[in-house]
Asker: 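Got a structure for you, written out below as structure tokens; questions coming shortly.
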Amino acid sequence: MDRNFNEEQIEGQLEDLLKNYQTNFSANFAENVMEKIYNELVMDSKRPSINWWRDFSRIVIPAAAVVIILFGVSFILEHEVSKDALIGTADLTKNSVNPFLLDYWTY
Amino acid sequence: MSDNPNSNKLTDAELISLVLQGNKQFFGELIRRYQSQVASTITAMIGNCEEVEDVGQEVFIRFFRALETFRGESSVGTFLTRIAINLSLNALKKRKRLLQRFVGLSEKNEYAHDAVEVDLSESSDIKELLERALQKLDEGIRAVVVMRLMNGYSVKETAEILNLPQGTVLSRLSRGQKQLKDVLSKSNYYG
């Protein structure tokens with residue numbers, strides 16, 4: 001290219017320079033990208049997929065069932081004590097009597 | 001890579017369709033078609049450095065991931081350029097953050113300015129000169145110059161791709177051209 005440009009020529013040449021500006025990646029660029037993509041695909045297929053419903057049904061539902069059963073047993077036990085309390089046979093010196101439940105049953 | 005010798009005769013849409021059908025090797029042909037455009041865009045945006053190749057790889061990997069949602073509303077070239085510009089801007093932000101961490105901002109600007117002045121006066125290769133002149137532009141202005149002047153997109157397309165009003169594109173373009181002219185006219189190349 002001619003080295004003796006003046007100011008006016010610079011303006012005209014700038015667009016051409018930018019249009020013709022071209023660079024390239026290394027020769028094996030495409031291979032490298034494809035390799036990364038294949039690796040990613042393999043990794044994706046090996047990665048355990050997240051199945052919310054499966055995880056939910058395996059962990060949360062059994063846990064909830066255990067809590068409900070425990071709560072139910074506890075309630076039944078409290079109920080028994082309260083019944084005793086209601087008919088005046090409960091041993092009120094024992095800490096096992098729930099005073100709130102006792103109030104409820106006596107009310 | 002694509003082993004099919006006829007793959008270069010297929011259109012972009014046909015190649016994409018084949019890739020989506022499970023023939024992943026046809027994606028190699030898409031890479032070959034657009035790698036030069038993507039490389040030029042990224043190099044103009046972030047300079048000729050090692051990062052260019054990494055950003056380029058990321059551009060094509062993102063494109064691959066987006067293939068299923070790619071509706072062909074824009075051309076593959078435009079789609080890739082958009083990703084390339086966005087990832088280049090991210091790379092520049094990352095670079096700036098790193099620089100700010102290690103060097104004070106004012107100190108860094110001083111060094112950068114000096115470096116460009118020295119390099120431009122010593123550079124004799126027009127390509128190298130242009131790269132350095134582009135690096136001297138503000139990132140926002142540079143993105144507009146790269147899109148409009150280098151990749152040949154219209155003002156409207158540039159505005160859409162960069163998500164800017166057309167008026168902003170025009171003003172940035174004018175400032176970019178003026179700054180490039182100033183920088184190039186000071187260099188030995190235009191002596």
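Chain naming here is simple, since letters A, B, ... match the order of the sequence lines and numbering starts at 1 in each.
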Asker: Kindly give the heavy-atom pair with the smallest separation between B:Gln166 and B:Val155, and that separation in Å.
Answerer: O-CG1, 4.0 Å
Asker: Going by distance alone, is a donor N or O of one side chain under 3.5 Å from an acceptor N or O of the other, for B:Ser17 and B:Gln21?
Answerer: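 Side-chain D/A pair, B:Ser17 to B:Gln21: present.
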Asker: Is it the side chain or the backbone of B:Leu134 that comes within 4.5 Å of chain A heavy atoms, both, or neither?
Answerer: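 For B:Leu134, the contact with chain A is made by the side chain alone.
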Asker: Side chain from CB out, backbone as N, CA, C, O: work out which of these in B:Val146 comes under 4.5 Å of a heavy atom of chain A, or both, or neither.
Answerer: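 Nothing of B:Val146, per the 4.5 Å heavy-atom cut-off to chain A.
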Asker: Quick one: hydrophobic cluster around A:Leu70, which other residues, with the 4.5 Å side-chain cut-off, linked directly or via members?
Answerer: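 Noted: A:Leu70 shares its cluster with A:Val66.
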Asker: Only counting residues at least two apart or in another chain, list the ones meeting side chain to side chain contact (heavy atoms under 4.5 Å, CB included) with B:Thr69.
Answerer: B:Ala66
Asker: By number, which residues in residues 52-65 of chain B have some heavy atom less than 4.5 Å away from chain A?
Answerer: B:Val52, B:Glu53, B:Gly56, B:Gln57, B:Phe60, B:Ile61, B:Phe64, B:Arg65
Asker: Taking every non-hydrogen pair under 4.5 Å, which of A:Ile37, A:Val33, A:Asn32 racks up the most with chain B?
Answerer: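 Going by pairs under 4.5 Å, I would pick A:Ile37.
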Asker: Going by ring pair (Phe, Tyr, Trp, His ring centres under 6.0 Å), name the pairs with one or both residues in residues 126-165 of chain B, residues two or more places apart or in two chains.
Answerer: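 As it turns out, there is no ring pair (Phe, Tyr, Trp, His ring centres under 6.0 Å) pair with a partner in residues 126-165 of chain B once direct neighbours are skipped.
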Asker: Quick one: closest heavy-atom pair of B:Gly176 and B:Val145, and the distance?
Answerer: CA-CG2, 4.0 Å
Asker: Give me the atom names and distance for the closest heavy-atom approach of B:Met147 to B:Thr158.
Answerer: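 Shortest heavy-atom separation between B:Met147 and B:Thr158 comes out as CB-CG2, 3.6 Å.
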